[in-house]
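Please read the structure below before turning to the comments.
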Amino acid sequence: MKVLRLRPGKERSLQRRHPWIFESAIAKGGADAGETVRIESGDGQFLAWAAFSPNSKIRARAWSFDEKQRIDAAFFAARVASAVAARELFDLQSDGVRLIHGEADGLPGLIVDRYGDTLVAQFLSAGVERWKGALADALLAATGLQKLYERSDASGREREGLPPVTGWLRGHGETELTIREHEWRLGLDVATGHKTGFYLDQRDSRKRFAELAARRRFRRVLNCFCYTGGFTVAALAGLKSAGAVSGAELISIDSSLPALERARAHLALNGFEEAQAEFLDADVNASLRRFVEEGRSFDAIVLDPPKFAPTVAHAERAARAYKDLNRQAFKLLAPGGHLLTFSCSGGIGADLFHKIVASAGIDAGVDGYITERLGAAPDHPMTIEFPEGEYLKGLVVVRK
Ligand code: SAH
């Protein structure tokens, strides 16, 4: 059995059950990629069992803090089963569900989403890569499903020194699927869509947007970074329930043409063919500036940009980008209008995001009420031991 010995004083975060062991904390020891190592403090005390990642700054990720725990196929079967069972505790109004959310589910580097009868997994660390076969078997056993598609083509793989891998890992079938979320339906392709195919984490914010659309009867809606139009469909569903689709104008912007084509198809899929919805294949920054110049305004704006700051190191530059976007959006917001603004950057905390949005408002000369804080849906949990799990945060700002 291989041992990683930490430098003196570096045991504290593991004692608090934080699962990451950084390269800089290690005094000596090594192993093969994904191999299980025993982590010991500077004075030789057991701290954790972990998977070794020879190429990553996060040099090892803890599997267990229990010295008696064996890290074997049965261990992974139990972890997978308990993560799947935990989803029963959450109120999930969809058949698209995140079943395994990495560290929060005790499986660092593993993401698994379920779309109906199809599972999609990302193996993003050397540890889960090594145990892929056992994990795949455990996933089928815990869910009773037969189809598992692998989408290990996320950028995190590179940091682990792992090549991209995609394709059916167990069973096979259609990659083009349709899910039901709240009161609407959405199509996706697990082979070509972003992440595992869809942004499940925004499920409940889309629902909230539908409710606001129904209450406030938005006339002019702008959905920026719309991807396949989830927030657009939500707005239409809300407006429809209030009998207010007619006369409403919706503009959705994204720079991905395939995503926009799917967004357009979502109108028919949900019976909104008649809606006045426009889909722009454009850069959001440029479009917002143009709309400001044209003197346009909107009753509701969604700003859901991609991750500008994957880590704290990128935070400063990302902060400027978020501020600029939010400033333009504020200028376009009608009095009484609602801005739903998000950041999915792990490197930007909730407080910092709040400050960025506030200073964007000040620069735009706009005051507003922050009426709600939004976050990832509960199947993307954050846990007490792993605060980095809070990556997605959102604010609802109502212009004075
Ligand atoms: N709100 C969406 C998810 C948005 S993900 C949902 O609910 O499903 C971020 C999106 O931003 C991606 O679809 C990506 O194609 C798009 N994007 C990234 N940079 C962009 C830019 N500069 N202009 C327009 N769209 C951009």
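Order of listing sets the numbers, starting from 1, for every ligand and every atom in it. Every value quoted in this text rests on a predicted model; they were computed, and no experiment measured them.
The nearest protein atom to atom 10 (C) of ligand 1, hydrogens excluded, is given as D254 OD2, 3.4 Å; this is a heavy-atom distance. Of the protein's non-hydrogen atoms, D304 OD2, 2.7 Å is the one closest to atom 1 (N) of ligand 1. The closest protein non-hydrogen atom to atom 7 (O) of ligand 1 is R206 NH1, 2.8 Å. Considering only non-hydrogen protein atoms, atom 5 (S) of ligand 1 sits nearest to Y199 CZ, 3.3 Å. Nearest non-hydrogen protein atom to atom 23 (N) of ligand 1 is V284 N, 3.0 Å. The nearest protein atom to atom 22 (N) of ligand 1, hydrogens excluded, is given as D283 OD1, 2.7 Å; this is a heavy-atom distance.
Residues meeting the ring pair (Phe, Tyr, Trp, His ring centres under 6.0 Å) test with F209, sequence neighbours left out: F218, F231.
Taking the six-membered ring where tryptophan is involved, the planes of W20 and F386 are perpendicular, since the angle between them exceeds 60° and thus also 30°. Using cut-offs of 30° and 60° for the angle between ring planes, the F75 and W63 rings count as perpendicular.
For C226, every heavy-atom contact with ligand 1 shorter than 4.0 Å involves the backbone, none the side chain. At a heavy-atom distance under 4.0 Å, atoms from both the backbone and the side chain of F225 approach ligand 1. The parts of S255 lying near ligand 1 are both backbone and side chain, judged by heavy-atom distances below 4.0 Å.
Counted within 6.0 Å of CD1 on I384, heavy atoms from surrounding residues, nucleotides or ligands total 12 or fewer; the atom is thus considered open.
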Extract all donor-acceptor atom pairs below 3.5 Å that involve side chains of residues 312-322 and protein atoms in other chains or at least two apart in sequence.
unit_1: H314; atom_1: ND1; unit_2: T311; atom_2: OG1; d: 3.0
unit_1: Y322; atom_1: OH; unit_2: S343; atom_2: OG; d: 3.2
unit_1: Y322; atom_1: OH; unit_2: S345; atom_2: OG; d: 2.6

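Between A282 and ligand 1 there is a heavy-atom distance shorter than 4.0 Å.
Using a 4.0 Å cut-off between a side-chain N of Lys or Arg and a carboxylate O of Asp or Glu, R157 and E129 qualify as a salt bridge.
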